[in-house]
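Here's the structure, in structure tokens; my notes come after.
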Amino acid sequence: MAGSAPGGGRPLIITEDPLLLDDLLRLCAAAGAEPHVHHAPPERSGAVGAGGEAGNAGWDCAPLVLVGDDAARRVRGAPRRAGVLLVGRDLDDPHVWQRAVEIGAEEVLRLPDAESRLVDRIADVVEGAGRPALAVGVIGGSGGAGASTLACALAVRAARAGERTILIDGDPLGGGMDVLLGGENAEGLRWPDFAASRGRVGAGALEESLPELHDLRVLSWDRGDRVVVPPAAIRSVVAAARRRGGVVVVDLPRRVDEPVAEVLAQLDLVLMVVPGELRSVAAAGRVAAGVRMVARDVRVVVRGGRPGGLEPESVAGLLGAPLAGEVPVELGLPGRVAEGEPPGTQSKSALARFCDGFWQRALGSAQGVPA
């Protein structure tokens, strides 16, 4: 591999340490990358600049540069650029941060402790990862609040707006989000197929393996015997779903156990659906307490339209959370779903209008979620 012409998507390794090189090649292989390797005898090394040896090996154009701690002095004169990592094996070296500053490294990674982090960085290069997807969870504050309906509608409207969209069913005891989309017989993988996953899951491979329904991909549970998916596997799958950008919507159960906590930790926002009645608000308070232990941002969506119901602002105030909006109960929706029409498909419905407005605010130019 040394001496290969630089190309897109291939990281550059600069080191003369054979043991470190073996480690880096192994980690590149784990990430599915074939790197360029630059190593020369010390007597021929010298300082590296734009036209020096590292320049000839792709310093300027490599998407990621892995500089061995032994080679830090060689690249000290190279032009500053993004995507430089200083990698070594000495965990107790007190001068490593000074060398990192001298070469403009983004991170210092010490092996073997940082192996998983390094594999992630290399794999991001291979997959062309950019801005991660905006990840939104939907949870019911009480039973029958309509969280799955809202989650499905959000995904349908995002897909219709042209966003790359993945809908994830986070409740193994639910009926299956593929059923709500009318695709329970669609070909593709379900959660039990990922139970044995270890390590990083490829974003492209995940997306291509899932059923495609209504212009979005859905990861659902099947109707077989319940299979326990380890939290580590759940974490890897959700991370892979986010890696290629767009939108990820997760339908969450009303309990916060270890697998659900893994999902909550990766969400940008959680929408809690609460009917506008006092008993539902009391139940939602208990759910919110568990969710807030992990989630960064929890907001309330009030299911309204019932005579004598609480005002949306009052519901949000009682729960001590920002109000994301109100969704009236949509007459005729259960019948349309039973006939194979997923929630959110009727663009003039109150549900679709809520979802469209939410995405317009959330997917602004900075892809943030405004308060």
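Note: hydrogens, waters and symmetry copies are ignored here, and every other heavy atom, side chains too, is used.
Proximity of a side-chain donor or acceptor of R164 to a complementary backbone N or O of G162 within less than 3.5 Å is not detected. Between the S209 side chain and the L189 main chain, no donor and acceptor come within less than 3.5 Å of each other. When atom types are taken as modelled, the side chain of R296 and the backbone of L267 share a donor-acceptor pair closer than 3.5 angstrom. W191 places a side-chain N or O within 3.5 Å of a backbone atom of D169 that can act as its donor or acceptor partner. Put simply, the side chain of R303 never gets that close to the backbone of V329: no donor and acceptor are under 3.5 Å apart. When atom types are taken as modelled, the side chain of R217 and the backbone of E207 share a donor-acceptor pair closer than 3.5 angstrom. For the pair R235 (side chain) and E262 (backbone), a donor-acceptor distance under 3.5 Å is absent. Looking at S142, its side chain never comes within 3.5 Å of a backbone N or O of A145 through a donor-acceptor pair. With hydrogens and angles ignored, the 3.5 Å screen pairs no side-chain donor or acceptor of W221 with any backbone N or O of R190. Looking only at distances, a side-chain donor or acceptor of R10 sits under 3.5 Å from a matching main-chain atom of P35.
Under the 3.5 Å distance criterion, with hydrogens and angles disregarded, a donor-acceptor pair is assigned to the side chains of Q346 and E341.
Note that CG of L19 is 11.5 Å distant from CG of L111, once rounded to the nearest 0.5 Å. Summarising the geometry, atom CG belonging to D90 is positioned 10.5 Å from atom NE2 belonging to H95; distances are rounded to the nearest 0.5 Å. The CG atom of L118 lies 7.0 Å from the SG atom of C28; values are rounded to the nearest 0.5 Å.
Heavy-atom neighbours of E311 CD from other residues, nucleotides or ligands within 6.0 Å: at or below the threshold of 12.
In the hydrophobic clustering of ILVMFWY residues, with side-chain heavy atoms under 4.5 Å counting as a link, L173 and L167 come out apart.
A salt bridge links R121 to E106: at least one charged side-chain nitrogen sits closer than 4.0 Å to a carboxylate oxygen.
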